[in-house]
There are 2 protein chains.
Amino acid sequence: METTSTTSTASADSCAGPPRQPRRPDGQDKYTISEVVTLTGLTAHTLRWYERIGLMPHIDRSHTGQRRYRNRDLDWLDLVGKLRLTGMPVADMVRYAELVREGDHTYAERFDLLKSTRDDVLSRIAELQDTLAVLDRKINFYADAGQALASERAS
Amino acid sequence: METTSTTSTASADSCAGPPRQPRRPDGQDKYTISEVVTLTGLTAHTLRWYERIGLMPHIDRSHTGQRRYRNRDLDWLDLVGKLRLTGMPVADMVRYAELVREGDHTYAERFDLLKSTRDDVLSRIAELQDTLAVLDRKINFYADAGQALASERAS
DNA sequence: TAAAACCTTGGAGTGGGCTCCAAGCAAGCG
DNA sequence: CGCTTGCTTGGAGCCCACTCCAAGGTTTTA
């Protein structure tokens with residue numbers, strides 16, 4: 001049976017920011033898929049799917065065919081996770097992965113891709129700050145309205 | 001035949017930031033669906049779909065049954081657009097719309113909803129800034145690598 | 001050694017957010 | 001009057017990013 005992800009990505013705890021993934025034990029360079037699940041917060045399904053669609057580099061296998069992830073694979077997954085947060089489509093990440101696989105002569109193209117991604121991120125940040133301003137105006141409105149209702153009740 | 005959106009949302013022009021939607025003509029308070037399409041950048045399909053799922057307030061109709069949007073509807077669509085950029089699920093926006101329809105006694109709940117949305121936005125901004133740092137490190141790496149290749153070619 | 005836990009595969013299914021279609025009504029124009 | 005253009009509806013279809021299933025092989029624990 002498949003281990004259904006216990007480390008839920010969106011936890012509802014009140015304080016303390018994002019639910020940090022457990023840190024990698026150091027000195028280790030071989031992880032089973034379930035270890036990667038706990039380290040990345042992805043599901044095993046998703047990890048295998050990433051591999052099928054060409055988003056992963058070649059993953060080592062044990063002599064019986066089970067995946068054995070290495071630290072560089074985890075580094076890659078970290079990057080993928082970051083890019084995912086920017087809303088970059090998986091297809092674009094696959095493109096980047098292909099460039100990496102193709103070797104050093106794709107440096108320029110990778111550079112361009114990263115730069116335009118960077119620009120996207122900057123404009124998304126700007127959009128969000130814009131939205132923040134709108135939310136703050138509305139929040140103030142409701143705060144005032146709440147005040148008004150309270151004093152009305154008091155009088 | 002349906003007017004296929006001419007105002008493409010994602011234009012590829014180089015400068016000048018986001019493709020500003022045309023400003024509303026002032027003094028007007030009745031718009032056909034196609035006017036709203038050009039004002040918001042949404043498609044007519046999407047506007048009708050928003051209505052079906054309960055994301056819109058009641059929209060006036062002409063004597064023949066055609067939609068006539070008013071300025072307050074456009075204001076609402078602006079808000080929806082902002083919230084969409086934050087990644088808020090449409091279902092949550094529908095919830096907010098319901099609260100608005102239910103009247104003044106939902107002020108407190110709306111306030112809470114906006115505040116938690118605000119928190120989400122803040123943490124998304126933080127995530128993006130994190131990602132930006134990663135991208136910058138990689139970009140510097142590739143810039144250096146490009147330099148190295150160039151000087152290699154020169155020698 | 002036997003049971004429980006974990007891993008493998010290809011392919012099918014899901015949910016969100018649109019996107020489109022067909023068939024038909026309505027308005028403006030030459 | 002006929003043509004073009006625009007609007008109406010319910011329902012079907014699409015794309016993305018997973019998510020799960022069945023059927024079987026492997027590894028670990030007791």
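Here is how names work: the chains are called A, B, and so on, in the same order as the sequence lines, proteins then strands, and each is numbered from 1. Side chains included, hydrogens not; waters and symmetry mates left out as well; all remaining heavy atoms used.
For the residue pair Thr106(A) and Leu99(A), the shortest heavy atom distance occurs at OG1-O, 2.7 Å. Contact detail for Leu128(B) and Thr86(A): the closest heavy-atom pair is CD2-CA, 3.9 Å. Gln129(B) and Ile125(A) make their closest contact through CG-CD1, 3.8 Å (heavy atoms, listed as atom of the first residue, atom of the second, distance).
If you measure from atom CG of Leu55(A) to atom P of dC16(D), you get 15 Å, rounded to the nearest angstrom. To the nearest angstrom, P of dA22(C) lies 12 Å from NE2 of His45(B). Regarding Glu35(A), its CD atom lies at a distance of 18 Å from the P atom of dA5(C), rounded to whole Å. As a whole-Å value, the separation of Leu83(A) CG from dC16(D) P is 18 Å. Straight-line distance from the CD1 atom of Ile53(A) to the P atom of dA17(D): 8 Å, rounded to whole Å. Here the C1' atom of nucleotide dG17(C) and the CG atom of Leu47(B) are 14 Å apart, to the nearest Å. Atom-to-atom, CZ of Arg61(A) to P of dC6(C) comes out at 19 Å; the value is rounded to the nearest Å. Rounded to whole Å, the distance from CG on Asp60(A) to P on dT8(C) is 13 Å.
The salt bridge (Lys or Arg N to Asp or Glu O under 4.0 Å) contacts involving residues 86-97 of chain B comprise Arg95(B)-Glu98(B), Arg95(B)-Glu109(B), where partners must be two or more places apart or lie in separate chains. Applying the salt bridge (Lys or Arg N to Asp or Glu O under 4.0 Å) rule to pairs touching residues 132-149 of chain B yields Arg118(A)-Asp136(B), sequence neighbours excluded.
In this structure, Thr32(A) reaches the dC7(C) phosphate: one of its side-chain N or O atoms is under 4.0 Å from OP1 or OP2. At dT9(C), none of the side-chain N or O atoms of Arg48(A) fall inside 4.0 Å of OP1 or OP2 (strictly under the cut-off). At dT8(C), one or more side-chain N or O atoms of Arg67(A) fall inside 4.0 Å of OP1 or OP2 (strictly under the cut-off). Proximity of Tyr50(B) to the phosphate of dC18(C): a side-chain N or O atom is located under 4.0 Å from OP1 or OP2.
Residues forming a ring-ring contact (aromatic ring centres under 6.0 Å, His included) with Tyr31(B) (at least two apart in sequence, or on another chain): none. In this structure, the side-chain hydrogen bond (donor to acceptor under 3.5 Å, both in side chains) partners of Arg70(B), at least two apart in sequence or on a different chain, are Asp29(B). When the salt bridge (charged side-chain N to carboxylate O under 4.0 Å, His left out) test is applied to Arg68(A), no partner is found at least two apart in sequence or on another chain. In this structure, Asp119(B) has no salt bridge (charged side-chain N to carboxylate O under 4.0 Å, His left out) partners at least two apart in sequence or on a different chain. For Asp75(A), the salt bridge (charged side-chain N to carboxylate O under 4.0 Å, His left out) partners are Arg24(A), not counting sequence neighbours. Tyr50(A) is linked by a ring-ring contact (aromatic ring centres under 6.0 Å, His included) to nothing, counting only residues two or more places apart in sequence or in another chain.
The stretch residues 85-94 of chain B comes close to DNA chain C through Pro89(B), Val90(B), each having a heavy atom under 4.0 Å from the strand.
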If the sugar-phosphate is the primed atoms plus P, OP1 and OP2 and the base is the rest, what is the B/S/- string for nucleotides 25-30 of chain D, using protein heavy atoms under 4.0 Å? -SS---

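Side-chain atoms of Arg84(A) lie closest to dC18(D) of the nucleotides dT19(D), dC18(D), dT19(C).
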Could you tabulate the donor-acceptor pairs under 3.5 Å formed by side-chain atoms of residues 52-61 of chain A, not counting sequence neighbours?
{"from": "Arg61(A)", "atom 1": "NH1", "to": "Gly65(A)", "atom 2": "O", "distance (Å)": "2.8"}
{"from": "Arg61(A)", "atom 1": "NH2", "to": "Glu51(A)", "atom 2": "OE2", "distance (Å)": "3.3"}

Shorter than 3.5 Å, N or O on both sides, protein versus nucleotides 11-13 of chain D: list them out with atom names.
{"from": "dG11(D)", "atom 1": "N7", "to": "Arg52(B)", "atom 2": "NH1", "distance (Å)": "3.0"}
{"from": "dG11(D)", "atom 1": "O6", "to": "Arg52(B)", "atom 2": "NH2", "distance (Å)": "3.1"}

